[in-house]
Participant: 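Have a look at this one.
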Amino acid sequence: MTPTDVLPAKSDGARPVRVRFAPSPTGSLHLGGARTAIYNWAFARACSGSFILRIDDTDPERSTPENIAQIISALQWLGIDWDEGPVAGGDYGPYFQTERAATYVQALETLRANGWAYRCFCTPAELALMREAARAKGGSSGYDGSCRALSEEQSQARADAGEPFVWRLKIPADHGPIAFDDAVCGHTEFPEDSVDDFVLVRSDGSPTYNFASIVDDATMAITHVIRGNDHVSNTPKQILVLEGLGAQIPTFAHLSMINGPDGKKLSKRHGSTGVEEYADKGYLPEALMNYLALLGWSLDGETTLIDADTLKTRFSLEHVAKRPANFDFAKLTWMNGEYLRAMETDQFAQLMVERLAREGLCPPDDFARRPDWYQALAPMVSERAKLLTDIAPITRFLFVDVVKPDETARAKVLDKDPELVQRALRATLEALEAVEIWDVAHIEAAMADLPDVVDAKPRLAYQPLRVAIAGSTVSLPLNESMELLGREKTLARIRTLLQTMPEA
RNA sequence: GGCCCGUUCGUCUAGCGGUUGAGGACACCGCCCUCUCAAGGCGGAGGUCACGGGUUCGAAUCCCGUACGGGCUACCA
């Protein structure tokens with residue numbers, strides 16, 4: 001097999017769309033990476049193309065199996081599926097760069113055969129000096145190409161003698177500016193002298209990112225390279241490699257960066273930057289995907305709630321914004337609430353039990369044991385929760401044995417008008433003790449005239465009861481709460497609170 | 001230093017030369033609903049479209065410059 005066999009033939013015919021997400025596993029999947037993955041995935045789906053996951057692990061120092069596993073599970077959590085890559089397999093593998101050494105060797109062979117590569121023996125010290133001098137002169141600060149002067153014999157002899165060297169790209173002297181039409185940024189041009197003869201293969205034989213990545217894109221027949229804005233300056237280098245290889249040049253689409261709320265680069269300082277942290281914090285994958293999709297892309301400027309199915313059919317590169325976006329936690333959180341409320345009752349109830357069980361408030365199989373109870377509770381909770389982590393605080397009073405009035409309840413209710421509290425609680429107790437059938441309808445009927453009985457405004461008449469059963473001035477609706485709590489517990493809590501009240 | 005890019009309400013965005021007195025969403029404020037909190041409904045405030053020059057009958061929309069912000073400038077990715 002000759003090197004060119006692995007390269008797609010140059011052709012003007014429309015190729016089937018193939019895009020890839022190629023994270024380097026030097027850390028977990030962060031928000032920016034997740035958005036890039038979502039755009040690639042949505043684009044592939046909308047074009048009926050293929051979405052490929054490739055692990056760009058050419059940095060041996062920082063790449064770890066743990067990071068790879070984490071990235072994969074984060075993508076799965078988000079609901080992103082890939083047609084080729086780790087787990088999925090595919091015809092263009094392997095999908096780990098560390099397993100693709102042969103491909104890079106072949107690509108280098110092709111480059112050499114085409115006169116596009118040469119050995120460089122310069123030492124790091126020499127290189128540093130060179131950069132310094134170039135920068136002082138005020139021009140571009142790249143490699144000056146001194147090893148180009150070496151003849152093939154000299155070069156080979158020094159290599160044979162064991163002198164360390166790297167392979168550099170030999171950019172044709174009269175090349176001219178390198179231009180490409182970015183699907184997001186539009187026409188982009190780089191002067192030829194702004195790109196230097198960069199390193200292709202390190203002295204240890206491993207390929208650099210700018211070489212391996214684009215060779216893989218070519219051999220994997222990638223048609224659209226959708227990636228972060230930080231790669232714009234790498235693009236001319238990669239195009240040059242493609243030219244040297246005689247390979248087809250894909251369409252590039254560079255996405256703007258995501259900044260923190262303060263407009264500065266997103267970092268831990270702003271809160272969570274890793275996708276899995278959002279799962280822990282109680283965000284739904286659908287909400288995170290929706291939010292991230294809208295951070296730099298819009299469907300029509302009006303629609304804000306966009307589900308995965310819509311993304312998969314309507315996503316397009318044309319509406320991707322050029323400018324960087326600031327991450328807004330408040331909007332993400334609002335959106336999460338929207339998705340929570342849109343959930344089917346049973347589905348939400350299951351999530352609820354999962355969360356409660358995690359807190360030790362109920363057994364893991366509690367939903368199966370009393371589905372009706374949870375189905376009644378679920379809508380009241382989903383209406384109030386913004387995050388999954390809100391569930392436990394909201395419902396805790398239904399699961400614990402005793403509730404203790406919190407500080408606000410003390411100050412604003414119990415201590416404020418003890419006399420009214422006792423009056424209201426006694427009246428409530430009396431009314432509830434008479435309830436024959438313990439359900440919302442009967443409880444409600446019994447409680448309806450409480451304000452008249454205690455001669456207080458409704459809000460004041462009912463607050464003591466709320467404190468008694470929930471220990472708080474804020475709770476789920478009372479009648480429903482009492483039904484769910486059960487007759488005995490409800491009455492017991494009212495009596496308990498009454499006993500703690502000072503004698504009037 | 002050099003090379004590239006960006007700049008519309010606090011934030012995310014719509015806008016591709018006239019139909020825009022710049023539209024939507026989050027957040028904020030008010031009212032309604034109401035046993036609290038939410039949810040929901042209604043309404044409000046918030047933008048001299050970074051700035052300065054052009055081009056044009058007409059510019060947020062096209063061109064040039066300035067300022068500010070960002071990226072790259074490694075044998076990192």
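Throughout, protein chains are lettered first and strands after them, A, B, ... in sequence-line order, and every chain is numbered starting at 1. Scope of the values below: all heavy atoms of this structure, side chains included, with no hydrogens, waters or symmetry mates.
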Participant: Could you list all N or O pairs between the protein and nucleotides 30-35 of chain B that sit under 3.5 Å apart?
Facilitator:
| from | atom 1 | to | atom 2 | distance (Å) |
| --- | --- | --- | --- | --- |
| B/C35 | O2' | A/Arg466 | NH2 | 2.9 |
| B/C35 | O2 | A/Arg466 | NH2 | 2.5 |
| B/C35 | N3 | A/Leu478 | N | 3.2 |

Participant: Would you please name every residue forming a ring-ring contact (aromatic ring centres under 6.0 Å, His included) with A/Phe348, sequence neighbours left out?
Facilitator: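 Testing A/Phe348 for ring-ring contact (aromatic ring centres under 6.0 Å, His included), a comparison that skips the adjacent residues, returns none.
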
Participant: Kindly give the atom pairs (protein nitrogen or oxygen, nucleotide nitrogen or oxygen) under 3.5 Å for nucleotides 8-11 of chain B.
Facilitator:
| from | atom 1 | to | atom 2 | distance (Å) |
| --- | --- | --- | --- | --- |
| B/U8 | OP1 | A/Arg323 | NH1 | 2.8 |
| B/U8 | OP2 | A/Arg323 | NE | 2.9 |
| B/U8 | OP2 | A/Arg323 | NH1 | 2.2 |
| B/U8 | OP2 | A/Arg323 | NH2 | 3.1 |

Participant: Using a 6.0 Å cut-off, check whether atom CD of A/Glu126 has over 12 heavy atoms from anything other than its own residue.
Facilitator: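 Yes, the 6.0 Å shell around CD holds more than 12 heavy atoms from other groups.
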
Participant: With sequence neighbours left out, write down each residue that passes ring-ring contact (aromatic ring centres under 6.0 Å, His included) with A/Tyr278, or none if nothing qualifies.
Facilitator: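 Partners of A/Tyr278 by the ring-ring contact (aromatic ring centres under 6.0 Å, His included) criterion, ordered by chain and then number, come out as A/Tyr283.
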
Participant: May I ask you to establish whether A/Arg119 and A/Phe165 are in a cation-pi arrangement, using a distance under 6.0 Å from NZ or CZ to the six-membered ring centre and at most 45° from the ring axis?
Facilitator: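 Output yes; distance and angle both within limits.
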
Participant: Run the salt bridge (charged side-chain N to carboxylate O under 4.0 Å, His left out) test against A/Glu163 and tell me which residues pass, sequence neighbours left out.
Facilitator: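 Here the qualifying residues are A/Arg158.
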
Participant: Apply ring-ring contact (aromatic ring centres under 6.0 Å, His included) to A/Phe198 and list each qualifying residue two or more places apart in sequence or on a separate chain.
Facilitator: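 Counting only residues at least two positions away or on another chain, A/Phe198 forms no ring-ring contact (aromatic ring centres under 6.0 Å, His included).
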
Participant: With no hydrogens and no angle check, is any side-chain donor or acceptor of A/Asn290 less than 3.5 Å from a backbone partner on A/Ile306?
Facilitator: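 Indeed, once roles are kept as given, a pair shorter than 3.5 Å links the two residues.
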
Participant: Validate the cation-pi geometry between A/Arg396 and A/Phe399: distance from NZ or CZ to the six-membered ring centre under 6.0 Å, angle to the ring axis within 45°.
Facilitator: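 So A/Arg396 doesn't make the cation-pi contact.
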
Participant: Report the residues that fulfil ring-ring contact (aromatic ring centres under 6.0 Å, His included) with A/Phe211, sequence neighbours left out, ordered by chain and then residue number.
Facilitator: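 With neighbours one apart ignored, the set is empty.
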
Participant: Which nucleotides of nucleotides 47-52 of chain B have their base under 4.0 Å from a protein heavy atom (B), which only their sugar-phosphate (S), and which neither (-), written as one string 5' to 3'?
Facilitator: ------

Participant: Ignoring hydrogens and geometry beyond distance, is the side chain of A/Ser475 in donor-acceptor contact with the base of B/C37 at under 3.5 Å?
Facilitator: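 No such pair is found, so the answer is no.
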
Participant: With a 4.0 Å cut-off on heavy atoms, is A/Arg62 in touch with a base, just the backbone sugar-phosphate, or nothing at all?
Facilitator: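 Base contact - A/Arg62 has a heavy atom under 4.0 Å of at least one base atom.
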
Participant: Check nucleotides 64-71 of chain B for protein N or O atoms closer than 3.5 Å to its own N or O atoms and list the pairs.
Facilitator:
| from | atom 1 | to | atom 2 | distance (Å) |
| --- | --- | --- | --- | --- |
| B/G71 | N2 | A/Ser233 | OG | 3.3 |

Participant: Run the side-chain donor-acceptor check on residues 456-468 of chain A: report pairs under 3.5 Å with partners two or more places apart or on a different chain.
Facilitator:
| from | atom 1 | to | atom 2 | distance (Å) |
| --- | --- | --- | --- | --- |
| A/Tyr462 | OH | A/Met447 | O | 2.9 |
| A/Gln463 | OE1 | A/Arg466 | NE | 2.7 |
| A/Gln463 | NE2 | A/Thr473 | O | 3.3 |
| A/Arg466 | NH1 | A/Ser475 | OG | 2.9 |

Participant: Which ones in residues 409-418 of chain A lie close to RNA chain B, meaning a heavy atom under 4.0 Å from one of its atoms?
Facilitator: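 Those residues: none at all.
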
Participant: Which pairs count as side-chain hydrogen bond (donor to acceptor under 3.5 Å, both in side chains) when at least one residue sits in residues 165-187 of chain A, sequence neighbours excluded?
Facilitator: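 As it turns out, the side-chain hydrogen bond (donor to acceptor under 3.5 Å, both in side chains) pairs with a partner in residues 165-187 of chain A, which skip direct neighbours, are A/His175-A/Glu243, A/Asp181-A/His187, A/Asp182-A/His254, A/His187-A/Glu189.
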
